[in-house]
Amino acid sequence: MSLLNDLINLNLSETTEKIIAEYIWIGGSGMDLRSKARTLPGPVTDPAKLPKWNYDGSSTDQAPGDDSEVILYPQAIFKDPFRRGNNILVMCDAYTPGGDPIPTNKRYNAAKIFSHPHVVSEEPWYGIEQEYTLLQKDSRWPLGWPLGGFPGPQGPYYCGVGADKSFGRDIVDAHYKACLYAGVNISGINGEVMPGQWEFQVGPAVGISAGDELWIARYILERITEIAGVVLSFDPKPIPGDWNGAGAHTNYSTKSMRADGGIHVIKKAIEKLGLRHKDHIAAYGEGNERRLTGRHETANINTFVWGVANRGASIRVGRDTEKAAKGYFEDRRPASNMDPYVVTSMIAETTILWKP
Amino acid sequence: MSLLSDLINLNLSDATEKIIAEYIWIGGSGMDLRSKARVCFITLPKLVTDPTKLPKWNYDGSSTDQAPGDDSEVILYPQAVFKDPFRRGNNILVMCDAYTPAGDPIPTNKRFNAAKIFSHPDVVAEEPWYGIEQEYTLLQKDVHWPVGWPIGGFPGPQGPYYCGVGADKSFGRDIVDSHYKACLYAGINISGINGEVMPGQWEFQVGPSVGISAGDQLWVARYILERITEIAGVVLSFDPKPIPGDWNGAGAHTNYSTKSMRNDGGIHVIKKAIEKLGLRHKGHIAAYGEGNERRLTGRHETADINTFSWGVANRGASIRVGRDTEKAGKGYFEDRRPASNMDPYVVTSMIAETTILWKP
């Protein structure tokens, strides 16, 4: 259908100044991404210059039918890898007409935490490792798995190559380039331990931008799987049994941790996280108890433990950091379906602001 | 078939002064679009934008239910020109309306009357703006079942699909996205798109357009959409309730404002206008699209067809006034009654006529 492609790929910059802006938001479940597009008179690079918009919250479980308008505030702009040209993707959050964040708007609180002067001066960096599973569209069985059966046990698939070991690479590679094009700080990709499962990493991103960038990366991924006719799953344990789950390990550092002697700041931070383990776990994603079993490179959900190079721990400190006595650490507890606004701001709040 | 694509995409500007003009008109049912093409000789400037420079033409009205076989010529008057997104170059699409050889509008020509209303001095002075939200459903070609729906079955209930993303929530985006760019290329004032509540259903918006151009632009946008679904091998439906039961229907909500409504204090003009619309509810409903009674049930974000109601931010009302308008004390309102298969010439001119010219 090359005629359709010709139209989709029309470069409008030759005929008009107008651009298309795709406004993106998070729906009522906290994980469902929604978007719609509007025409703007010319190119825009500053989100503050974009008009607020609204949507039908009664169709996304976020407002009643007789008072259905929910307002979208543009927060971050990225280049649109699908429409290209001067067209843009706009990450938004949602408010009542009165100007209050609606209950599912987790960005608002995170932005408050990230603008606290103590947090600002610590310049928190995040690197999020987003794992996900690709599923065949009608059966919802992982990509590459035989229908009604299972592939050979885990072993050959992690970073694997070959038609019998790697399933869905075209999606992953298209996503990688699309994110780079969009201006998302995507730092890498790899095939995961479970066949049909993959990972990409976003970061290092500072403060609130970690959440914005991860959500846009998720949106771009879901658009790409839509094109590919494959279903995207962020379930933390898509297949029960001897198959790895999917997490969103969150790597973290502050200015103090990155400076000489930072290892002590790191240890203190980990202690505080240990004292608030239950609270963090409650906010780290639905269904995480199916994943954090103590097996398959996880720590048991009820246990808080940290260690150097230990993938069975809740928190892992890399050998590099230990050797240099400064650096960052990895919180391995968050599930793949976590909300990065919640997780990143909570880690900052606990380690920088909270006093035990 | 790259040779075929090469030929379709030939850029003729280097080879000839001639351009191709696709004349578009509405057939005998009032909803069937028809078109045929002719060559025009054009000298500088190459791009034709003025419809009066184009020749009148004619077609076989006996093949479209618009004339008898023994007196079949129907005359096409060019009314609006757009760039052709399919042939590109200097080629054009021409929206026309239909007349007898003697110069009278044929019965199905709704544009003629609308143009009269829109040229009335009182209406001209009020500069009526329209934003039309055209909903439509995409159907799989041979079974006429919505795209993405399993044959012989149903998808999961409504909820995930409105503005949804993902292979299990969004069906047919390539059609929608190519339509968006094609319309912008053509010069149509398309202001946005979104996935709708029922899976396989979509919406695009055209506007704000002034007076008669709202109808011209919407019809050409519909034409471009039908050409694109033709390419994609998918059937386009403007039925207002394609699937009975707990599935949303398809409408063509028409947003409207006049100069007085857009000025300070306009909210009072708006309320008066809504009152007048309420007094003529039955007359409007009769002209708002065939089969609308299957859609306007009072459920699925509609108001019951026999009830006239209005409210701020209320999607269950006949007329909805946005919060922005309420807050600013001026703006526009949304008539949510028209069905997806309404004729925009009829609806836009009727709203103008009732609110500006009609005295209760």
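Only a predicted model underlies this, so the values are computations on that prediction, with no experimental measurement involved. Proteins come first, then strands; the chains are lettered A, B, ... in the order of their sequence lines, and each starts at number 1. In what follows, every heavy atom counts, from backbone to side chain, and hydrogens, waters and symmetry copies are set aside.
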Candidate list A:Arg83, A:Lys36, A:Lys79, test salt bridge (Lys or Arg N to Asp or Glu O under 4.0 Å), partner A:Glu22, passing option
A:Arg83

Check ion pair B:Asp246-B:Arg299 (N to O, under 4.0 angstrom):
yes

Best-contacting candidate, A:Arg140, A:Glu226, A:Arg38, against chain B by heavy atom pairs under 4.5 angstrom:
A:Glu226

Is it the side chain or the backbone of B:Ile228 that comes within 4.5 Å of chain A heavy atoms, both, or neither?
both

Could you check whether A:Arg223 pairs with B:Asp177 (Lys NZ or Arg NE/NH1/NH2 to Asp/Glu carboxylate O, under 4.0 Å)?
yes

Counting only non-hydrogen atoms closer than 4.5 Å, does A:Thr39 touch chain B with its backbone (N, CA, C, O), its side chain (CB onward), both, or neither?
both

Under 4.5 Å from any heavy atom of chain A - which part of B:Val165
both

Given the options B:Gly159, B:Gly195, B:Pro150, B:Pro85, which has more heavy-atom pairs under 4.5 Å with chain A than any of the others?
B:Gly159

Apply side-chain contact (heavy atoms from CB on, under 4.5 Å) to the pair B:Arg262 and B:Tyr332, showing each step before the final yes or no.
CA-CA 7 Å; B:Arg262 296 189 291 271; B:Tyr332 66 96; over 6 Å; no

Taking the cut-offs as 6.0 angstrom to the six-membered ring centre and 45 degrees off its axis, would you call A:Lys52 and A:Tyr73 a cation-pi pair?
yes

With a 4.5 angstrom heavy-atom cut-off, is it the side chain or the backbone of A:Asp32 that approaches chain B, or both, or neither?
neither

I'd like to know if B:Arg320 pairs up with B:Glu334 as an ion pair, taking the criterion as any Lys NZ or Arg NE/NH1/NH2 lying under 4.0 Å from an Asp or Glu carboxylate oxygen.
yes

For A:Leu10, is it the side chain, the backbone, both, or neither that has a heavy atom closer than 4.5 Å to a heavy atom of chain B?
both

In terms of heavy-atom pairs under 4.5 Å with chain A, the winner among B:Cys163, B:Gly192, B:Pro160, B:Gly311 is B:Cys163

Measuring heavy-atom distances to chain B, does A:Asn9 have an atom under 4.5 Å in its side chain, in its backbone, in both, or in neither?
backbone

Has A:Tyr108 got more than 12 heavy atoms of other residues, nucleotides or ligands less than 6.0 Å from its OH?
no

With chain B, which of A:Asp56, A:Val230, A:Asp67, A:Leu33 has the greatest number of heavy-atom pairs at distances under 4.5 Å?
A:Asp56

Is B:Phe204 close to chain A through its backbone or its side chain, or both, or neither, when contacts mean heavy atoms under 4.5 Å?
neither

Proximity breakdown for A:Ser29 and chain B, heavy-atom pairs closer than 4.5 Å:
neither

Please check if the number of heavy atoms outside A:Asn11 that lie under 6.0 Å from its CG is greater than 12.
yes

